[in-house]
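Take a look at the structure set out below.
What you see is a predicted model, and the numbers here were worked out from it, not measured in a lab.
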Amino acid sequence: MSRFCLRPPALLAGVLVCGPALAVPGTGLDLYGRIGWAYDDNLLRIPDDAPAFDNQRSDSWRTLEAGAVYDRTISRQRLVAHVKLSKVKFDHFRQLDYDGRDIQGTWYWQLGNRFEGQLGVVHAQTLAPYTDFRSDQRNLRKQRRGFFEGGWKLHPRWEAHAAFSRDKYDYELAAQAFNDRTEDVAELEGRYLARSGSAVGLVLRRIEGSYPNRRPFSLSPLTDDFTQDELKARVDWKASGATTVQALAGYARRKQPSFGSGRTSGANGRVTLLHDPSGKLHYRASLWRDFAPIESTIVSYTLNKGASAGATWDARAKLRVEADAAYEKRDYNARAALPAAGGLDDALRTASLKATWAPRQAVSLSAGWFYQARSGSRLLGIGKFESHSFAVNASGQF
């Protein structure tokens with residue numbers, strides 16, 4: 001899933017648009033660099049009724065980034081490697097300064113005419129979000145990921161797929177060590193390919209999560225280890241030449257003994273609509289209901305229900321404008337973990353407006369506005385906040 005590159009946060013729900021230059025498949029090595037400046041009027045997501053650290057809510061920062069993309073095709077095999085190193089410096093909260101990195105390597109393998117897939121690794125380091133954790137200390141999050149995907153074409157209309165992955169997250173700050181975790185995912189899928197280009201599949205998935213450290217306020221000797229079993233349908237429907245509906249939705253059952261009854265289940269998934277009525281306008285919308293990890297001191301996951309909508313306008317050959325908005329309700333008592341009868345939820349609202357101008361093929365300039373707000377919950381002691389962010393960037397490929 002491709003996303004805009006955001007620095008420093010993931011931390012800030014999207015403050016910098018960086019979109020590194022990508023190598024043309026099979027062309028070999030490309031180098032790129034980026035410089036950026038950004039400002040946020042509530043950098044650490046301080047609630048409206050809480051005092052600010054150093055009596056300061058806002059801050060600005062500068063980013064220097066350099067990277068390389070290697071893309072080479074050898075016979076039927078394709079090798080892609082991506083290395084990105086960044087240095088981020090803040091003007092006021094200088095203790096947050098950090099060196100980021102994003103290293104990825106993928107082998108797109110093919111064996112004969114029936115077998116193909118991917119084998120890869122990811123190593124990333126960035127500043128963790130402050131959305132649900134109040135602190136003015138630097139908290140780097142390291143992610144290490146390994147994955148394998150394989151497909152077997154049984155028939156021109158039928159395919160079988162298997163996928164395995166392991167994600168390991170480690171947090172620099174000792175006060176966030178209880179969010180260290182490892183997630184192992186195994187997936188099997190049978191898929192039917194229609195002549196129209198649409199596809200439908202049945203997916204069996206199991207997720208196992210391991211938390212080595214207990215939550216600081218937990219009275220239970222148990223950790224947050226969990227297993228989640230899913231049975232879902234995957235749909236890629238070409239409804240028309242301009243409209244595509246994509247879905248991965250079905251039933252999920254989660255077992256996590258450290259919370260309440262330790263069991264919760266129900267509908268789970270995401271549906272996305274893509275609509276391209278012309279060559280210049282592109283619309284997108286999504287609905288979802290799923291379990292998601294949260295970097296909080298209270299719980300390790302929430303049940304999220306949300307919706308998003310966005311549009312991209314190719315205003316000129318060299319100018320692109322993008323707008324997005326999302327609303328997500330987070331339910332903390334989906335598994336009756338907490339004693340209160342109601343009010344155990346909050347909501348996040350986000351919006352963004354971004355423009356990118358490419359005066360030359362290898363040079364791009366971008367500017368963006370970003371908004372994030374949380375409703376808060378009195379029973380959980382979570383306050384409400386708003387933040388507005390602005391960013392400008394310049395990048396080039398060599």
Side-chain angles (χ1 to χ4, degrees), residues 1-7 10 16-34 65-86 99-126 140-153 159-170 181-191 193 199 201 203-209 232 234 236 244 246 248 270 272 274 293 362 364 395-398:
M1 181 182 295
S2 63
R3 295 174 179 259
F4 282 96
C5 181
L6 310 174
R7 295 293 183 270
L16 289 185
V17 182
C18 63
L22 297 178
V24 177
T27 59
L29 181 65
D30 286 279
L31 306 177
Y32 66 88
R34 181 179 70 89
E65 187 174 279
V69 177
Y70 178 79
D71 192 327
R72 175 66 67 186
T73 299
I74 305 173
S75 185
R76 292 187 171 187
Q77 315 306 311
R78 182 182 171 201
L79 302 175
V80 179
H82 173 203
V83 177
K84 179 172 60 181
L85 304 176
S86 59
D99 295 330
R101 55 179 176 265
D102 185 356
I103 303 171
Q104 305 178 28
T106 305
W107 169 28
Y108 296 88
W109 59 269
Q110 185 171 350
L111 182 61
N113 297 322
R114 292 180 176 270
F115 300 93
E116 63 181 8
Q118 303 177 30
L119 177 66
V121 295
V122 175
H123 179 81
Q125 175 176 283
T126 189
L140 293 182
R141 179 179 61 196
K142 295 181 180 179
Q143 178 190 7
R144 285 165 285 177
R145 173 178 172 81
F147 62 91
F148 170 83
E149 298 178 15
W152 178 18
K153 184 162 289 188
E159 293 180 348
H161 289 260
F164 306 92
S165 66
R166 165 169 284 193
D167 288 273
K168 184 176 177 61
Y169 298 89
D170 296 297
R181 65 188 183 275
T182 300
E183 295 184 6
D184 294 312
V185 181
E187 179 181 299
L188 295 174
E189 178 183 2
R191 186 181 304 171
L193 308 175
V203 179
L204 296 173
R205 177 185 293 163
R206 184 176 180 85
I207 306 171
E208 296 183 353
K232 295 182 177 181
R234 191 193 307 273
D236 187 359
T244 299
Q246 299 173 338
L248 179 62
R270 177 182 293 262
T272 300
L274 304 174
S364 66
S395 62
Q397 182 176 338
F398 312 100

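A donor atom on one side chain and an acceptor atom on the other are found under 3.5 Å apart for W107 and Q77.
When all heavy atoms of G28 and R72 are compared, the pair lying nearest together is CA-NH2, 3.7 Å. The two residues R76 and G112 come nearest to each other via the heavy atoms NH1-O, 2.5 Å. In this structure, A162 and F164 approach most closely via the heavy-atom pair CB-CE1, 4.2 Å.
Residue Q246 holds its CD atom at 10.0 Å from CZ of R234, rounded to the nearest 0.5 Å. Going from atom CD of Q125 over to atom CD1 of I103 covers 9.5 Å, rounded to the nearest 0.5 Å. The OG atom of S395 lies 9.0 Å from the CD atom of E65; values are rounded to the nearest 0.5 Å. Atom OG1 of T126 is separated from atom CD of Q143 by 10.5 Å, given to the nearest 0.5 angstrom.
Counting only heavy atoms from C-beta outward, the side chains of Q397 and L31 never approach each other to under 4.5 Å. A heavy-atom distance below 4.5 Å is found between the side chains of D71 and R78. Residues V80 and Y108 have side chains in contact (heavy-atom distance under 4.5 Å, counting atoms from C-beta outward). Side chains of E116 and L111 form no contact here, defined as non-hydrogen atoms less than 4.5 Å apart. Within the 4.5 Å cutoff, the side chain of V203 has heavy atoms near those of the L248 side chain. By the 4.5 Å heavy-atom criterion applied to side chains, S165 and R145 are counted as neighbours. For the pair R101/K142, a side-chain contact is recorded, criterion being any heavy-atom separation below 4.5 Å from C-beta on.
Ionic pairing of R144 and D167 is not present here: no N-O contact between side-chain nitrogen and carboxylate oxygen is shorter than 4.0 angstrom.
Taking the six-membered ring where the residue is Trp, H82 and Y32 present tilted rings, their angle falling between 30° and 60°.
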How far apart are the C-alpha atoms of Q104 and V121, what are their side-chain angles, what is the distance that settles it, and do they pass the side chain to side chain contact (heavy atoms under 4.5 Å, CB included) test?
CA-CA 6 Å; Q104 305 178 28; V121 295; over 6 Å; no

Checking side chain to side chain contact (heavy atoms under 4.5 Å, CB included) for the pair F147/L119: CA distance, chi angles, key distance, verdict?
CA-CA 6 Å; F147 62 91; L119 177 66; over 6 Å; no

Begin with the C-alpha distance, continue with both residues' side-chain angles, and end with the deciding distance and a verdict on side chain to side chain contact (heavy atoms under 4.5 Å, CB included) for R141 and Y169.
CA-CA 7 Å; R141 179 179 61 196; Y169 298 89; 4.2 Å; yes

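A side-chain contact (heavy atoms from CB on, under 4.5 Å) with H161 is found for exactly one of E187, E189, E149, namely E189.
By the neighbour-count criterion of 12 heavy atoms within 6.0 Å, atom CZ of R206 is densely surrounded, having more than that number from other residues, nucleotides or ligands.
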